Structure formats: structure tokens, C-alpha cells
Amino acid sequence: MNSKRSRLAACTIGALSATVLALSATPASASGSYSGLAYVYGAGVFTDDWDNEGIMDTSHNTSSNATCLWQKILWADGELGISDIDGVFGSKTKAATERWQTKFQVTSDGSAGKNTWTAAGNWLRNSSNGFDGTVARYIGTSVIIDVTRDSDGYYHFVDGTGAGRIAGYNYRTCS
């Protein structure tokens with residue numbers, strides 16, 4: 001009877017531990033995005049593509065190609081200088097994000113999360129079908145930038161050196 005009780009207690013403790021661990025993992029730390037994908041992703045119409053993107057701020061996905069794409073959006077809307085696009089979410093990007101959020105009437109917290117990405121996605125427009133996928137335009141208040149969406153739904157952009165990059169949350173190759 002005592003060993004049966006011990007096994008039951010051990011199973012209960014194990015189940016509780018697993019539950020606590022599962023609840024403590026945020027979408028950003030678990031996979032890089034709300035959608036469970038490690039890339040900025042979309043399908044179908046462009047204007048709802050970015051409704052479930054990951055969190056980027058000074059604590060989440062701080063150094064990534066997805067951050068680089070977000071910085072290009074900030075630049076297109078006049079909130080960040082072109083020389084500040086480096087894929088690192090630091091104090092300048094946080095301040096630019098806060099200004100952008102105020103401009104587009106999103107809660108200003110300096111974090112590019114679900115509501116911020118959704119608001120940015122409202123400014124994506126179909127441009128044409130390109131060789132590497134479907135081309136969209138982000139209609140910024142200062143500059144229009146082109147992005148492509150490949151057949152897997154992953155977003156691509158051109159970085160400051162002219163190199164094509166995939167907007168991933170788990171690595172940084174842009175500059």
C-alpha cells in the first residue's frame with residue numbers, strides 16, 4: 001500500500017511539474033512566433049498575413065532577421081534611420097517602435113508583438129507575382145518597401161547590403 005501511494009505521489013508531482021513548465025513557456029521563447037513557426041509567415045491575402053507574428057523587443061528575439069524586417073518597417077514609416085537597421089532590437093529600435101505604435105494607435109509598449117505586427121500588416125499590398133514568389137509592398141509613410149512571400153509562406157526582404165534574407169526569428173544574418 002505504501003509503495004502504491006509513493007508511485008501515485010511521484011506521478012502527481014511529475015504531472016504538476018510538466019504543467020508548470022508548459023505554462024511558463026511563452027510563444028516567443030518556445031518557437032519564435034505565435035503561429036508556432038520560426039519565420040515571419042503568411043498565406044492568402046496579404047493584409048492578414050502578420051496577424052500572428054512573434055514578439056520582438058529587448059528581451060525576445062532581440063537579434064534576428066525578423067527584427068531586421070521590423071526595423072525596415074520602422075524606417076519606411078520614418079521612425080528609424082537606414083543606418084540603424086542591423087537586426088538588433090536595442091534602445092533605438094524600442095524608442096522607434098514606441099513612436100510607431102503611437103502614430104498607428106497601438107498600445108505603446110516598445111515591443112513588436114501581435115497587435116503591432118497586425119497594424120503593420122494592414123499596410124501590405126499585393127504588387128505582382130515575382131520569380132521567387134508573390135511580391136508585396138509595405139506602404140510606409142516615408143518609403144515603400146518590397147517584400148516577397150515564397151511558396152512556403154516565408155517572408156523575404158533585401159537587407160542594407162542588397163542581400164536577400166528570410167525573416168526568421170532564430171538567427172541574424174542581415175545588416
Side-chain angles (χ1 to χ4, degrees), residues 28 32-35 37-128 130 132-150 153-175:
S33 78
Y34 293 106
S35 66
L37 298 173
Y39 302 94
V40 176
Y41 174 83
V45 297
F46 286 105
T47 54
D48 68 358
D49 272 4
W50 293 348
D51 290 1
N52 62 351
E53 294 308 322
I55 300 168
M56 292 173 302
D57 57 26
T58 56
S59 301
H60 301 91
N61 302 303
T62 303
S63 181
S64 71
N65 279 9
T67 298
C68 199
L69 175 59
W70 175 246
Q71 290 172 327
K72 284 198 75 158
I73 291 167
L74 292 172
W75 169 70
D77 285 318
E79 299 302 334
L80 197 64
I82 190 79
S83 63
D84 295 319
I85 300 173
D86 59 4
V88 177
F89 203 112
S91 58
K92 282 186 178 182
T93 302
K94 179 180 180 179
T97 299
E98 289 171 343
R99 290 189 303 274
W100 189 96
Q101 289 168 325
T102 298
K103 181 190 289 186
F104 289 93
Q105 300 177 348
V106 178
T107 301
S108 181
D109 61 5
S111 176
K114 184 178 183 349
N115 294 338
T116 302
W117 274 106
T118 296
N122 291 333
W123 298 101
L124 280 175
R125 299 292 183 265
N126 188 7
S127 177
S128 65
D132 293 323
T134 304
V135 179
R137 290 212 154 126
Y138 177 80
I139 310 300
T141 56
S142 298
V143 177
I144 295 172
I145 59 172
D146 288 334
V147 293
T148 60
R149 187 177 67 201
D150 67 23
Y154 302 155
Y155 269 85
H156 297 243
F157 64 96
V158 176
D159 74 6
T161 67
R165 305 292 183 194
I166 300 174
Y169 292 97
N170 301 326
Y171 62 92
R172 186 188 110 201
T173 58
C174 67
S175 55

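Being a predicted model, the structure only gives us computed values, none of them experimental.
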Do you know which two heavy atoms are closest between [X] and [Y], and how far apart they sit?
X    : Y   : value
I85  : C68 : CG2-SG, 3.6 Å
Q71  : D86 : OE1-N, 2.9 Å
D84  : K92 : OD1-NZ, 3.4 Å
I145 : A76 : CG2-CB, 4.3 Å
G168 : Y39 : CA-CD2, 3.7 Å
L80  : A96 : CD1-CB, 3.9 Å

For the side chain of [X] and the backbone of [Y], is there at least one donor-acceptor N/O pair under 3.5 Å apart?
X    : Y    : value
S108 : E98  : yes
K72  : G160 : no
E79  : Q101 : no
K114 : D51  : yes

Is there side-chain contact between [X] and [Y], with heavy atoms separated by less than 4.5 Å?
X    : Y    : result
T67  : T62  : no
S64  : N170 : no
F157 : V40  : no
T47  : R125 : yes
T107 : N115 : no
I73  : W123 : no

Using the rule side chain to side chain donor-acceptor pair (under 3.5 Å), only one of T148, D146, N65, D150 pairs with H156; which is it? D150
More than 12 heavy atoms of other residues, nucleotides or ligands under 6.0 Å from CZ of R99: yes or no?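 Atom CZ in R99 is crowded, with more than 12 foreign heavy atoms closer than 6.0 Å.
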Taking the six-membered ring for Trp, are the ring centroids of W50 and Y155 within less than 6.0 Å of each other?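 Yes, they do, as the ring centres are separated by less than 6.0 Å.
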Are D77 and Y138 close enough, and set up right, to give a side chain to side chain donor-acceptor pair (under 3.5 Å), and what steps lead you there? CA-CA 10 Å; D77 285 318; Y138 177 80; 2.5 Å; yes
For A119, side-chain contact (heavy atoms from CB on, under 4.5 Å) partners two or more places apart: W100, V106
Could you list the residues that satisfy side-chain contact (heavy atoms from CB on, under 4.5 Å) with A163, not counting sequence neighbours?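 In terms of side-chain contact (heavy atoms from CB on, under 4.5 Å), with neighbours along the sequence ignored, A163 is linked to D159, T161, R165.
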After noting the C-alpha distance and the side-chain angles of N61 and F89, does the key distance pass the side-chain contact (heavy atoms from CB on, under 4.5 Å) rule? CA-CA 8 Å; N61 302 303; F89 203 112; over 6 Å; no
Looking just at side-chain N and O atoms, do T97 and W70 make a donor-acceptor pair shorter than 3.5 Å?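 Looking only at side-chain atoms, W70 and T97 do form a donor-acceptor pair, the distance falling under 3.5 Å.
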From T118 OG1 over to N52 CG, what is the distance, rounded to the nearest 0.5 angstrom?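 Separation between the atoms: 8.0 Å.
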